[in-house]
Amino acid sequence: MLDTLSWPLLSVFVPTFFLTSVSPGLCMTLALSLGMSLGVRGSLWMMAGELLGVALVSVSAVLGVAAIMLTWPGLFTAFKLAGGCYLIWLGWRSWRAPPQLELTAAGGLPRTRGGLAAQGFITAAANPKGWAFCIALLPPFIDPARALWPQLTVLVGLILLIELVCLLLYARGGSALRGWLTRSGHLRMLNRVTGALLLAVGVWLALA
């Protein structure tokens, strides 16, 4: 089904969304915090709810934006430029971010499976970063000359897979590498590597 999209497009899409997913934010901070307090296994129900929220946000954002862009195809260029500029801005912010990471997201979290899933869903569905990324970055990867739903199915499937990998990485990091992640020097390095990569991808997306 991957032949629904061109391989050059996928070669840009996968690293772009990996970098946006792996950058510290509400959902990843939640996974990190739960990894510290509950372990990776205890975080899985939160991840299931979070992935459901991401799927809802992705489909909603694309359908709303696609409806406009199919009428005015010229907006593809504007959205591509907007997406590239947003990544550049985010990369710059990440580069300049102070060496600290708030780990208080787990405070007061429910410990039941349903409660954890609901917490993950609400965090993803109400996350402004998630909406901004999907609205700015997803439409440029959709070819108006091809059927929308096959493309959307592949893209959302890839987003969920990438998001799950990143959530597991953060939860595992919280479980096994708590001391390393909370040292200022290492966290500053993590911020700067993430920022530099986001800057590079943002320039690439804007100029492609």
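V14 and V22 end up in the same hydrophobic cluster when Ile, Leu, Val, Met, Phe, Trp and Tyr side chains are linked at under 4.5 Å. When hydrophobic clusters are built by joining Ile, Leu, Val, Met, Phe, Trp and Tyr residues whose side-chain heavy atoms come closer than 4.5 Å, directly or via intermediates, L160 is grouped together with F141. Side-chain heavy atoms closer than 4.5 Å link hydrophobic residues (I, L, V, M, F, W, Y) into clusters, and following such links, possibly through other members, connects L164 to V154.
Partner V165 forms a side chain to side chain contact (heavy atoms under 4.5 Å, CB included) with one of L169, L167, I162 and no other, that one being L169.
Nearest approach of S58 to C134, heavy atoms of both residues: OG-SG, 3.5 Å. Closest heavy-atom contact between S21 and E163: OG-OE1, 2.9 Å. Of all non-hydrogen atoms in M28 and Y170, the two that sit nearest each other are O-CD2, 3.4 Å.
L44 is linked by a side chain to side chain contact (heavy atoms under 4.5 Å, CB included) to M47, L168, counting only residues two or more places apart in sequence or in another chain. Residues forming a side chain to side chain contact (heavy atoms under 4.5 Å, CB included) with V59 (at least two apart in sequence, or on another chain): L63, W149, L152, V156. Under the rule for a ring-ring contact (aromatic ring centres under 6.0 Å, His included), F121 has no partner lying at least two apart in sequence or in another chain.
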Start with the C-alpha distance between F18 and L158, add both sets of side-chain angles, then the distance that settles side chain to side chain contact (heavy atoms under 4.5 Å, CB included), and finish with yes or no.
CA-CA 10 Å; F18 175 78; L158 287 172; over 6 Å; no

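Here CD1 of I159 is found 11.5 Å from CG of L51. Values are rounded to the nearest 0.5 Å. Note: M46 CE to C27 SG = 7.5 Å, rounded to the nearest 0.5 Å.
A donor-acceptor pair under 3.5 Å is formed between the side chain of S23 and the backbone N or O of T20.
L155 places none of its side-chain heavy atoms less than 4.5 Å from the side chain of F17.
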